[in-house]
2 protein chains.
Amino acid sequence: MTPRTQRAMPEGDDRGFEPGNCPVRQVLDHVSAKWPVLILMELGQEPRRFNALQRALPDISKRMLTQSLRNLERDGIVRREVFDTKPPSVSYSLSELGHGFLPHVLALVEWAEKGMPTIISARAAYDNA
Amino acid sequence: MTPRTQRAMPEGDDRGFEPGNCPVRQVLDHVSAKWPVLILMELGQEPRRFNALQRALPDISKRMLTQSLRNLERDGIVRREVFDTKPPSVSYSLSELGHGFLPHVLALVEWAEKGMPTIISARAAYDNA
DNA sequence: CGAAAATGGTCTCTAAATGAGACCAATATC
DNA sequence: GATATTGGTCTCATTTAGAGACCATTTTCG
């Protein structure tokens with residue numbers, strides 16, 4: 001008996017990546033998330049001190065700035081140096097690993113900038129529909 | 001009178017990017033966040049249906065999968081096609097714009113993989129200290 | 001001298017985002 | 001008839017992020 005209604009299409013299943021224990025995921029989360037991206041771009045220009053970062057990124061909270069920097073430092077992407085001034089100064093800069101990452105972020109931004117017109121009109125079309 | 005304590009170092013200030021209204025930021029958030037990255041990598045291999053994506057990414061919730069896909073669709077990065085099967089099938093695939101983005105994500109992953117040994121030992125050093 | 005500002009954070013409290021899972025209508029399968 | 005499947009949405013609990021007070025020390029300003 002031939003069914004008169006069409007069968008569902010093939011799924012194209014795939015086991016995907018291992019869920020929580022994937023190390024690449026963790027690093028990506030530390031690096032490609034909202035704030036880390038902006039922080040790394042700032043540090044890509046020049047080393048900056050904690051408060052300077054905060055002023056450069058006015059809408060990040062102290063809390064998230066600290067947390068993001070800690071993650072990046074722990075992963076060896078950012079270096080933290082304390083100088084014994086009064087009051088003490090803390091300078092953050094890209095490590096070698098961090099410098100290797102920088103071009104990729106910049107490429108992302110460039111892609112976004114170049115695609116922006118397309119994106120804008122796609123949004124207009126979507127919202128209009 | 002020469003101060004005996006060292007002065008704080010220069011800040012290296014910078015006005016940074018415009019806070020909330022930056023369009024590039026929005027796109028980056030839709031594209032480089034945790035789930036979107038994984039979704040785009042899946043779609044980079046082949047178009048996939050909603051439930052297939054969910055099975056490929058077992059630890060994403062329906063809620064976030066839907067939300068991420070909607071963002072990507074609205075920005076014209078992902079295309080959504082509904083097929084009139086019973087029950088109806090919905091296929092997600094990369095648009096041209098999306099395909100242009102794919103190499104960048106892959107580069108990120110490659111960078112993370114290549115740097116993983118360095119990262120691992122950086123973490124060990126950090127945790128040890 | 002006393003007050004205010006700056007350093008780099010931490011801590012708490014609240015607001016927002018996320019995860020877990022029930023639920024839906026229509027149809028096919030068992 | 002019961003169960004499963006489709007692609008979601010909706011609600012509720014949990015997790016995460018944001019806002020801002022607070023800290024000790026020293027410098028500058030009045």
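Atoms considered below: every heavy atom in the structure, side chains included; atoms not considered: hydrogens, waters and symmetry mates.
Between B/W35 and C/dA17 there is no side-chain polar atom (N or O) within less than 4.0 angstrom of OP1 or OP2. Taking 4.0 angstrom as the limit, A/R55 places a side-chain polar atom (N or O) nearer than this to OP1 or OP2 of C/dT7.
Note on residues 115-126 of chain A: pairs passing salt bridge (Lys or Arg N to Asp or Glu O under 4.0 Å), not counting sequence neighbours, are A/R123-B/D75.
Of all heavy-atom pairs between A/D29 and A/A33, the closest is O-CB, 3.2 Å.
The listed nucleotides are D/dT9, C/dT7, D/dG18; the one nearest the side chain of A/R49 is C/dT7.
Contacts of B/E113 classified as side chain to side chain contact (heavy atoms under 4.5 Å, CB included), with partners at least two apart in sequence or in another chain: A/V24, B/V109.
The CD1-C1' distance, from B/I60 to C/dT18, rounds to 11 Å in whole Å. As rounded to whole Å, 14 Å separates atom C1' of C/dG9 from atom CG of A/L53.
Looking only at atom types and distance, the side chain of B/R48 has no donor-acceptor partner in the side chain of B/Y92 under 3.5 Å away.
Side chain of A/S89 to main chain of A/T85: no donor-acceptor pair is present (N/O by atom type, distance under 3.5 Å, no hydrogens or angles).
The stretch residues 63-70 of chain B touches DNA chain C through B/R63, B/M64, B/Q67, each having a heavy atom within less than 4.0 Å of the strand.
Between A/D59 and B/R25 there is a salt bridge, since at least one side-chain N of the basic residue sits less than 4.0 Å from a carboxylate O of the acidic one.
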